[in-house]
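Since the structure comes first, as structure tokens, the remarks are kept for the end.
No experiment lies behind these values; they were computed from the predicted model shown. Protein chains get the first letters and strands the later ones, always in sequence-line order, with residue 1 at the start of each.
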There are 2 protein chains.
Amino acid sequence: MKIAVLGTGNVGQTFVEKLISLGHQVMIGTRNVSETVGREAFKEWHDKHPLALVGTFDDAVKFGELVVNATKGEAGLSIFSGLNKTFLGDKIIVDVSNPLDFSKGFPPTLIDGLHNTSSLGEELQKLVPNAKVVKTLNTMWCGLMVNPMLINDGNHINYLCGNDAEAKTKVMLLLNGFGWKNESLLDLGDISNARGTEAVLPIWVRIFGATQNGVFNFALVK
Amino acid sequence: MKIAVLGTGNVGQTFVEKLISLGHQVMIGTRNVSETVGREAFKEWHDKHPLALVGTFDDAVKFGELVVNATKGEAGLSIFSGLNKTFLGDKIIVDVSNPLDFSKGFPPTLIDGLHNTSSLGEELQKLVPNAKVVKTLNTMWCGLMVNPMLINDGNHINYLCGNDAEAKTKVMLLLNGFGWKNESLLDLGDISNARGTEAVLPIWVRIFGATQNGVFNFALVK
């Protein structure tokens with residue numbers, strides 16, 4: 001499949017590597033292509049992953065049949081707001097971002113207006129009503145998102161939510177390709193449930209702070 | 001030990017039953033004793049648990065060497081605000097409450113001003129600076145709080161946080177008495193970490209909504 005990954009940070013790079021390894025064609029989208037490819041750290045990474053195409057956000061969204069939002073916090077909202085909506089159409093957006101505010105240090109808080117009575121996932125869906133936002137994978141370290149078998153034989157929880165049932169089914173197939181078992185996937189319902197999954201971050205960052213280990217996830221036991 | 005349990009609802013009753021079964025002397029505290037003992041449902045429960053003493057909030061706090069806050073949401077703040085502080089002194093408060101706002105139905109939100117940049121646990125500690133608030137057990141159904149062995153051989157997570165290390169150690173011993181293994185207890189640090197544990201509720205209520213089963217907890221896997 002042709003896939004767009006928006007965001008050139010750790011999360012975006014991790015997705016691009018995994019998607020390419022699975023045989024997908026991937027374009028990574030960025031605000032300023034020449035600035036991004038001119039960065040030493042990005043060049044080093046790109047030399048190791050030369051199959052990754054690089055384009056503007058619009059280029060990437062036009063290229064992809066599916067779009068991964070791996071941008072940081074509320075930056076995603078301004079990026080999607082500025083996109084050419086013709087390119088985006090009714091494509092699926094896999095939203096793995098979180099509304100984290102690190103402005104006062106660690107642990108971060110959630111960004112004002114994007115928690116409790118709203119969420120980044122919902123606000124993104126409002127911005128692009130024709131697209132199909134599926135919130136998933138945002139409750140863990142990016143290495144686990146695409147390689148769940150790294151721990152506990154893959155037995156740990158990943159939530160999905162979104163307004164379109166068919167889009168969620170397609171995203172589940174993509175997740176299966178990463179190694180996610182169906183019994184580890186929990187569909188919480190519509191996109192308003194992103195209020196729940198994004199609220200995992202305040203406890204996640206504190207467990208990370210207390211244990212100094214980010215390679216963990218939650219398993220539901222009953 | 002003599003223990004005060006504030007709150008006559010499900011959570012309070014569950015604690016009283018368990019504590020009595022472990023040989024503790026327990027007084028349940030309520031706003032209005034004659035009104036509480038006059039309620040049919042309470043009488044039925046009390047007939048089955050006649051060892052439970054019933055008193056005002058002040059009576060109970062005076063009686064207890066340790067106080068369990070099993071009141072609902074922000075009600076706890078007004079109750080502790082109105083207590084005779086001489087009776088409370090520097091006692092340990094085991095705070096299992098959550099700042100849930102059900103005013104707009106299910107799923108509840110977190111109460112304004114008591115999440116993200118503050119928490120119920122922190123605000124309680126500010127109200128009674130000489131007492132030692134230990135936040136724990138608030139991330140699960142009350143039946144599991146006092147009977148962790150009900151599921152997964154007791155292997156699931158319970159967080160603690162609070163400003164006083166000795167108080168946390170004493171609470172851990174009480175938790176061991178309920179069946180909690182030390183490897184299932186995670187000390188997150190000071191009471192500000194209640195922002196993390198109380199933020200578990202938005203995902204908890206949605207998992208409950210999706211699965212219609214409240215008898216579950218999270219296990220950390222790595």
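The environment of CG in A:Asn10 is sparse: at most 12 heavy-atom neighbours from other residues, nucleotides or ligands sit within 6.0 Å. Residue A:Gln13 qualifies as enclosed at atom CD: its count of foreign heavy atoms under 6.0 Å is above 12. Residue B:Glu74 qualifies as open at atom CD: its count of foreign heavy atoms under 6.0 Å is 12 or below.
The residue among A:Asn116, A:Ile151, A:Leu188 with the most heavy atom pairs within less than 4.5 Å of chain B is A:Asn116. Of the listed residues (B:Asn155, B:Leu150, B:Asn193), the one with the most heavy-atom contacts under 4.5 Å to chain A is B:Asn193.
Within residues 91-109 of chain B, the residues having any heavy atom less than 4.5 Å from a heavy atom of chain A are, in residue-number order, B:Thr109. Residues of residues 198-207 of chain B lying under 4.5 angstrom from chain A, judged on non-hydrogen atoms, are B:Ala199, B:Val200, B:Pro202, B:Ile203, B:Arg206, B:Ile207 by number. Proximity to chain A among residues 209-222 of chain B is limited to B:Ala210, B:Thr211, B:Asn213, B:Val215, B:Phe216, B:Asn217, B:Phe218, B:Ala219, B:Leu220, B:Val221, B:Lys222, judged by heavy-atom separations below 4.5 angstrom. Contacts from residues 160-182 of chain A to chain B, taken as heavy-atom pairs separated by less than 4.5 Å, involve no residues at all.
Distance check: B:Asp112 CG to A:Thr117 OG1 gives 7.5 Å after rounding to the nearest 0.5 Å.
In this structure, chain B has a heavy atom under 4.5 Å from the side chain of A:Leu186, while its backbone stays farther away.
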